[in-house]
Student: 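Could you have a look at this structure, given as structure tokens, before my questions?
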2 protein chains.
Amino acid sequence: MEITRETDYAVRCILHLSESPEEIKMVDGIAKTRLIPKSFLSKILQKLTKSGIVKSYRGVKGGFKLARKPEEISLLDVVEAIDGPVAINRCAVDKRLCDLSSMCVVHPIWVELRKDVENRLKNCNFSELIKLSSMK
Amino acid sequence: MEITRETDYAVRCILHLSESPEEIKMVDGIAKTRLIPKSFLSKILQKLTKSGIVKSYRGVKGGFKLARKPEEISLLDVVEAIDGPVAINRCAVDKRLCDLSSMCVVHPIWVELRKDVENRLKNCNFSELIKLSSMK
DNA sequence: ATAATTCAGACAAATTCTATCCTGATTAAA
DNA sequence: TTTAATCAGGATAGAATTTGTCTGAATTAT
């Protein structure tokens, strides 16, 4: 049960953009300072753009910046933008197996666990994270 | 962030064995009633044996049964036996990247999340689950 | 002995992860 | 208006992981 490298990169990236929310930054710069493979980051930023977390600007002087304030972006937003919903177990989606023969008594446990995880991620926004990093 | 099919199968299997903790059951039977691919289950049971969750009996009339009482086996035991420790993020293990340039302020969040998940899984044992299933 | 069963390891298909590369679209500035 | 910089989107591909299968050896009740 791990988050992917991709999600980790996405978090680093949003963290970077959160440090100066007004500036437009280029893929290349973010990639270099945050040690993320450039072309991979490019793909990640496309997902973040489609999810409405960042805004993109094309052409010369183009780049990316946050679409909203750091305090309005949660870890959950980023995780879901990249990996999709926090499912924990597929049977939460594909119920067919669960329903037959009362097999899946564990199902409610996975659902509960999922809620827990979501809540914790939801309650953590990038404004807080930035504060933590400036305290170092 | 999902558990694997393998873990799901393992849980189903322990659930099955928990219903009659004294009986020795064969791979084939478990596989058929719980809809798990037989040879895959065979591998899974080997892991569960090595982790000390089930006991194996070879030869004619051989099979598997729980190594301890259902109430002494938690979901966490099973998940860890199959997938290894609940890591959430690799940086919890490989700290080298985190430490340089104070990059990973998110690290404590992953650690906290991991503890949450572990606790919830630890607090759920197979005796409780069986009770739930008999209530259906 | 024989038949039934697990054990251990090798093998392999499918899927997901982790990228890379190329072409085209867009845009600021010269 | 041309040019250079930059993102968008699709195709591709290697590696790792997941999800199994198969076979032969070891064990054991009868």
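Each chain gets a letter, A, B and so on, in the order its sequence line appears, and its residues count up from 1. Since the structure is predicted, the reported quantities are computational estimates derived from the model, not experimental observations.
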Student: How close or far is atom P of C/dT5 from atom CG of B/L45, stated in whole angstroms?
Tutor: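 Going from B/L45 (CG) to C/dT5 (P), I get 15 Å.
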Student: Would you mind reading off the distance between A/E2 atom CD and C/dT16 atom C1', rounded to a whole angstrom?
Tutor: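 Answer to the nearest Å: 14 Å.
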Student: Between C/dA19 atom C1' and A/I36 atom CD1, what is the distance in whole Å?
Tutor: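 Checked: the CD1 to C1' distance equals 13 Å.
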Student: In whole Å, what is the span from the CZ atom of B/R5 to the C1' atom of C/dA14?
Tutor: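 To the nearest whole Å, that distance equals 15 Å.
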Student: Heavy-atom contacts under 4.0 Å between residues 16-32 of chain A and DNA chain D, which residues?
Tutor: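 DNA chain D contact set from residues 16-32 of chain A: A/M26, A/V27.
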Student: How close do B/V117 and A/M1 get, counting heavy atoms only, and between which atoms?
Tutor: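 Here B/V117 and A/M1 meet closest at CG1-CE, 4.1 Å.
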Student: Quick one: list whatever passes side chain to side chain contact (heavy atoms under 4.5 Å, CB included) with B/S39, sequence neighbours left out.
Tutor: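 Partners of B/S39 by the side chain to side chain contact (heavy atoms under 4.5 Å, CB included) criterion come out as none, since no residue qualifies.
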Student: At under 4.0 Å between heavy atoms, which parts of nucleotides 21-30 of chain D does protein reach? Answer with one letter per nucleotide, 5' to 3': B base, S sugar-phosphate only, - none.
Tutor: B----BBBBS
Student: Going by side chain to side chain contact (heavy atoms under 4.5 Å, CB included), name the residues that satisfy it together with B/E6, two or more places apart in sequence or in a different chain.
Tutor: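 Per chain and number, B/E6 pairs via side chain to side chain contact (heavy atoms under 4.5 Å, CB included) with B/T4, B/F40, B/I44, B/K47, B/I82.
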Student: Between A/I44 (CD1) and D/dG9 (P), how many Å, whole number?
Tutor: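 Rounded to the whole Å, the gap is 16 Å.
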Student: According to ring-ring contact (aromatic ring centres under 6.0 Å, His included), who are the partners of B/Y57, at least two apart in sequence or on a separate chain?
Tutor: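 Scan of B/Y57 (ring-ring contact (aromatic ring centres under 6.0 Å, His included), adjacent residues dropped) gives none.
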Student: Given that A/E6 and B/G62 both sit by DNA chain C, which one's nearest nucleotide is further toward the 5' end?
Tutor: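 Between the two, 5'-proximity favours B/G62.
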Student: A/K65 and A/E22: which non-hydrogen atoms are nearest, and at how many Å?
Tutor: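 Residues A/K65 and A/E22, closest heavy atoms: CD-O, 3.6 Å.
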Student: Once side chain to side chain contact (heavy atoms under 4.5 Å, CB included) is applied, do any residues pair with B/D77, and if so which ones, sequence neighbours excluded?
Tutor: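 B/I53, B/R68, B/I73, B/S74.
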Student: OP1, OP2 of C/dT18 versus side-chain N and O of A/Y9: anything below 4.0 Å?
Tutor: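 The answer is no; no side-chain N or O of A/Y9 sits under 4.0 Å from OP1 or OP2.
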Student: B/K65 has an atom NZ; how far is it from atom P of C/dT5, in whole Å?
Tutor: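 In whole Å, C/dT5 P lies 18 Å from B/K65 NZ.
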Student: Between the main-chain N or O of A/R34 and the side-chain N or O of A/R12, is there a donor-acceptor pair closer than 3.5 Å?
Tutor: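 The answer is yes, because a donor-acceptor pair under 3.5 Å joins these two groups.
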Student: What heavy-atom pair brings A/L15 and A/I130 nearest, and what distance separates the two atoms?
Tutor: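 Answer, listing the atom of A/L15 first, then A/I130: O-CD1, 3.6 Å.
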Student: Just how far, in rounded Å, is P of D/dT18 from CE of A/M1?
Tutor: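 In whole Å, D/dT18 P and A/M1 CE are 12 Å from each other.
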Student: Under a plain distance cut-off of 3.5 Å, with no hydrogens placed, do B/K25 and B/S20 share a side-chain donor-acceptor pair?
Tutor: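 Checked: B/S20/B/K25 side chains pair up, N/O donor to acceptor below 3.5 Å.
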Student: Check whether any side-chain N or O of B/S56 sits under 4.0 Å from OP1 or OP2 of C/dC7, and answer yes or no.
Tutor: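 Yes, such a contact exists.
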Student: What is the separation between atom NZ on A/K55 and atom C1' on D/dT6, rounded to the nearest whole Å?
Tutor: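 That distance rounds to 16 Å.
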